[in-house]
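Naming: A, B, ... by sequence-line order, numbering from 1 per chain.
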Protein chains: 4
Amino acid sequence: MLNRIILIGRLTRDPELRYTNTGRAVARFTLAVDRPYKNQAGEREADFINVVVWGPQADNCSKYLSKGKLAAVDGRLEIRSFEGQDGTRKYMTEVVAENVRFLSPKEGGRGPGSDLHGEPPFDDFADGDEGLPF
Amino acid sequence: MLNRIILIGRLTRDPELRYTNTGRAVARFTLAVDRPYKNQAGEREADFINVVVWGPQADNCSKYLSKGKLAAVDGRLEIRSFEGQDGTRKYMTEVVAENVRFLSPKEGGRGPGSDLHGEPPFDDFADGDEGLPF
Amino acid sequence: MLNRIILIGRLTRDPELRYTNTGRAVARFTLAVDRPYKNQAGEREADFINVVVWGPQADNCSKYLSKGKLAAVDGRLEIRSFEGQDGTRKYMTEVVAENVRFLSPKEGGRGPGSDLHGEPPFDDFADGDEGLPF
Amino acid sequence: MLNRIILIGRLTRDPELRYTNTGRAVARFTLAVDRPYKNQAGEREADFINVVVWGPQADNCSKYLSKGKLAAVDGRLEIRSFEGQDGTRKYMTEVVAENVRFLSPKEGGRGPGSDLHGEPPFDDFADGDEGLPF
DNA sequence: TTTT
DNA sequence: TTTT
């Protein structure tokens, strides 16, 4: 009924960009997200979380993100189950991003924080800008 | 750059439903959200948080929510500033809901957890159901 | 660097309660979380997400939650990797709950929304109640 | 019952650091969080959100954050009401941070993403590292 | 392996 | 299979 996840981490590899047969862009990458605590060996481990992004944001991810870059992802967690090649049930966890933010400074640029939306995420003049009835 | 808030609480009053001059529905209500700790007097206080919902979800809120009902809200925090009647700058905090979930059992019904979307929240057959290219 | 997930769903089975050799309680359960969209067959699918809860909250989950009950979980996503019995690397996804809320009405009770903390979640008289220096 | 907010934005001014009479550190700053949509004038507005941080993290914020720096905040929304100097009830909204992440690259450093915890956020060897009973 |  |  409610499924919301927010991550900040670094890409472990360049995003992989594909297109569906209907021409819709899909980007995939993995985010290394450091754990907030140290393990018994005194090391800080990370979770490696798969992220998938659809539509115009996928193109932007492919353009602006690369291995080692810092990004924030806001989306939902999906667990896809499928038949493995050995006949057993396999599970595949991924975060379906609704929004991705690029947090690494632009190369020759003036700093991090660039918004990735070539197109507005929802509607423009968002909710309420028609004049509030309250 | 990222602004996401998730609340669970009870309505302090029935939702107020209005329409903009373009015919768009807007619902407003206040959520009482208990704090996770007790104050020095040993009492559990609550935050009273204003919520605004736009579009078809507004109609659903007005239909299915009422004073005392439990609801979850997923949205973003906005702080509107405006000129007070006394000429000073006033601030008004509200949560713009993207999703609302009704958590109180239906009256004559079989339990809580009904989804409020008369219409799907985003697109249907969501992202990826066109056949994954991976 | 930041890893936060919030879920609302129903338990697919009763919580399983264990104790570590140091006597710390651990509860595990699976949450069925409906997806916000319908698939091509017009059905609403769900994600089945494993949750683990530590400490006093684990005991409370075992006491107050059971199959079919509605719960909210606020925590972080962890992906544990381990050696499978067939020598291959396996991945196991689970949400480590920091807070769990019980959303189903109490059996003979007056409604949902009970807080599960037998002990306060952080410190009591939380932050700031010592008298603000601002 | 549940109150969780996650923000990414830039500090509008240097953090203000104080100490309670019990010696506990408190830092305050304001985060400018860009809205995801443009207004009717075609401009991107921002919400200016007050943040308060307690304890060791407050000292770290004061040390590592300054005007213009990018930061992520994970916390809860509180609305404090108090008697104004004119006798009317006033409301004051602030986010009580549980975790703050520094996202701007270190000055002479090797990049953003440093964790601010001089002390571990919760317990170390976090949950489960005693040997899972499952 | 799944809940309403 | 992993990032700084």
field: Residue C:Thr30, side-chain heavy atoms: nucleotide from E:dT4, F:dT4, E:dT2 that is nearest
entry: E:dT2
- prompt: Over how many whole Å does the gap from C:Ile49 atom CD1 to E:dT2 atom P extend?
  reply: 16 Å
- request: Give one of base, sugar-phosphate or nothing for C:Lys69, where a contact means two heavy atoms less than 4.0 Å apart.
  value: nothing
Whole-Å distance separating the CZ atom of A:Phe48 from the C1' atom of F:dT2: 5 Å
- prompt: Side chains of B:Leu65 and B:Phe102: closer than 4.5 Å at any heavy-atom pair?
  reply: yes
query: Between E:dT4 atom C1' and C:Leu70 atom CG, what is the distance in whole Å?
result: 9 Å
- prompt: Where the side chain of A:Tyr91 is concerned, which of E:dT2, F:dT3, E:dT3 is the nearest nucleotide?
  reply: E:dT2
message: What is the distance, to the nearest angstrom, from the CG atom on A:Asp34 to the P atom on F:dT4?
response: 11 Å
statement: Separation of E:dT1 atom C1' from C:Lys67 atom NZ, nearest Å, is 10 Å
message: What is the distance, to the nearest angstrom, from the CG atom on C:Leu103 to the C1' atom on E:dT3?
response: 14 Å
Value in whole Å for how far the P atom of F:dT1 lies from CZ of C:Phe82: 12 Å
query: Is a donor on one side and an acceptor on the other found under 3.5 Å between the side chain of C:Glu45 and the backbone of C:Arg35?
result: no
task: For residues A:Ala27 and A:Ala58, report the shortest heavy-atom separation together with the two atoms involved.
output: N-CB, 3.5 Å
A:Lys90 atom NZ, neighbour heavy-atom count above 12 within 6.0 Å: yes
- request: Among F:dT1, E:dT1, E:dT3, find the nucleotide with the atom closest to the side chain of C:Arg89.
  value: F:dT1
message: What is the separation between atom CD on C:Glu43 and atom P on E:dT2, rounded to the nearest whole Å?
response: 14 Å
query: Out of E:dT2, F:dT4, E:dT4, which has the shortest distance to the side chain of C:Thr12?
result: E:dT2
- prompt: Across the strands shown, which category fits A:Gly9 at heavy-atom distances under 4.0 angstrom: base, sugar-phosphate, nothing?
  reply: nothing
- line: Looking only at heavy atoms, the pair that brings D:Pro105 and A:Pro105 closest together is CG-CG, 3.5 Å
